[in-house]
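Report on the following structure.
For ligands, and for the atoms within them, numbers begin at 1 and follow the listed sequence. What you are looking at is a predicted structure, and each value in this text was computed from that prediction instead of being measured.
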Amino acid sequence: MIAVTQRRFGDPGVLTAVSTERPEPGLGEILVRVHAAGVNPVDWRTRADGGLGTLGRPPFVLGWDVAGTVEATGPGVTLFEPGDRVMGMPRFPHEAGAYAEFVTGPARHFVHAPERLSSAEAAALPLAGLTAWQALTDTAVPRVGQHVLIHGAAGGVGHLAVQIAAARGAKVTATARTAHHEQLRAMGADEVIDYADTELAAAVAQVDTVIDTVGGACTTRSLDILRPGGTLVTLPGPPCEAVSRRARQTGKRLLFMLVEPDRTGLLALTDLVDRGQLTPAVAAAFPLAAAAQAHLLAEAGGQFGKTVLEIPQP
Ligand SMILES: NC(=O)c1ccc[n+]([C@@H]2O[C@H](COP(=O)([O-])OP(=O)(O)OC[C@H]3O[C@@H](n4cnc5c(N)ncnc54)[C@H](OP(=O)(O)O)[C@@H]3O)[C@@H](O)[C@H]2O)c1
């Protein structure tokens with residue numbers, strides 16, 4: 001099979017398509033013929049300098065988001081049969097190797113892909129969607145009518161978080177550049193703020209929950225408008241001790257969350273898709289062998305939604 005690998009850390013030019021052995025599904029695993037693979041910031045950080053560090057040193061195959069069809073099932077698998085359309089985020093944060101024509105993973109790291117989504121859309125959903133879902137339903141848990149502030153709302157996680165929070169009855173304020181405001185309103189945002197032009201504290205009254213996909217100064221500023229007892233979930237990385245202390249001293253919950261493979265969460269996302277309440281936006285699709293261009297575009301920012309790699313099927 002063809003897979004995109006790298007021999008060293010570095011810029012997108014290190015990504016190279018090679019011919020390699022097709023994996024075999026082990027006990028409780030499925031072999032998936034990949035139709036599309038999502039591109040996430042963790043991919044380009046891992047490519048550049050190891051990111052979370054869970055893949056070790058190159059060579060490795062990047063990628064976690066997968067949409068495709070089941071090619072074969074390993075011993076003990078009862079959930080799927082060959083030919084089923086599936087999506088998932090197998091093995092995260094350990095190596096899944098989604099930038100390839102075939103991938104294996106534990107069966108329960110996948111679900112049947114929603115019928116109304118294309119393969120590209122289904123590949124855009126698992127990692128970013130599970131992050132938004134786990135942040136909003138396990139970690140912060142805003143109640144109906146409460147006010148949720150979502151930073152980076154035009155991004156992969158943000159645009160899904162807006163739709164999930166709106167579907168669960170929250171009042172949603174989103175930050176994004178002005179060009180993306182109309183799309184965010186259509187997805188359920190009640191208020192949209194341009195992060196470049198607007199002073200957050202002047203624009204937003206106290207909120208109950210913050211989903212912070214930006215980090216750094218954005219986390220600190222957001223703490224100031226979070227009500228005591230409210231929760232700020234930050235996603236780029238653990239906050240520094242000074243910011244954590246400030247949260248504790250003001251009676252606010254500040255939590256770093258790392259997304260986990262989660263079949264129940266994937267089923268919940270599928271349900272929202274089926275109800276027409278959640279649609280992943282695909283900003284751009286590239287062939288697998290053009291993974292380097294996909295990384296260049298995604299890292300540059302400015303898009304609405306997600307970048308994916310596609311493998312045309314005969
Ligand atoms: N902890 C976890 O489990 C987990 C899971 C998924 C993602 N993440 C992390 O969460 C972050 C976001 O991921 P993603 O997939 O959503 O990335 P993404 O698709 O690149 O989106 C990031 C968004 O943030 C916006 N942005 C940049 N600076 C901003 C600011 N100062 N205020 C408001 N918005 C701003 C960008 O807008 P423009 O491009 O228009 O400037 C972009 O829309 C990344 O750091 C990623 O590594 C963590």
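Centroid-to-centroid, the aromatic rings of H109 and F92 stay 6.0 Å apart or farther. When ring centroids are compared, H159 and F304 come within the 6.0 Å threshold.
Ligand 1 has no N or O atom lying under 3.5 Å from any N or O atom of W44, backbone or side chain. Note: an N/O pair closer than 3.5 Å links R45 and ligand 1 by distance alone. For ligand 1, the polar-atom distance check finds no N/O of A298 at less than 3.5 Å from any of the ligand's N/O atoms.
Under the 4.0 angstrom criterion for non-hydrogen atoms, G302 is in contact with ligand 1. For A128, the heavy-atom gap to ligand 1 stays at 4.0 angstrom or more. The closest approach between a heavy atom of F256 and any atom of ligand 1 is below 4.0 Å. Every heavy atom of N40 sits 4.0 Å or more from the atoms of ligand 1.
Salt-bridge check for E71 with R22: passed, with a basic side-chain N closer than 4.0 Å to an acidic carboxylate O. A salt bridge is defined here as a Lys NZ or Arg NE, NH1 or NH2 lying under 4.0 Å from an Asp or Glu carboxylate O, and E241 with R248 meets this definition. Under 4.0 Å is where a charged nitrogen must lie from a carboxylate oxygen, and between E29 and R108 no such pair does. Residues R246 and D224 are paired through a salt bridge, judged by an N-O separation under 4.0 Å between the basic side chain and the carboxylate.
Remark: atom 5 (C) of ligand 1 lies closer than 4.0 Å to at least one protein heavy atom.
Comparing V233, V214, V42, V157 by heavy-atom distance to atom 16 (O) of ligand 1, the nearest is V157. Compare G155, G305, A283 by their heavy atoms: the one nearest to atom 42 (C) of ligand 1 is in G155.
With sequence neighbours left out, the side-chain contact (heavy atoms from CB on, under 4.5 Å) criterion links Q206 to R227, P228.
Contact annotation: for P41 versus ligand 1, heavy atoms closer than 4.0 Å belong to the side chain alone.
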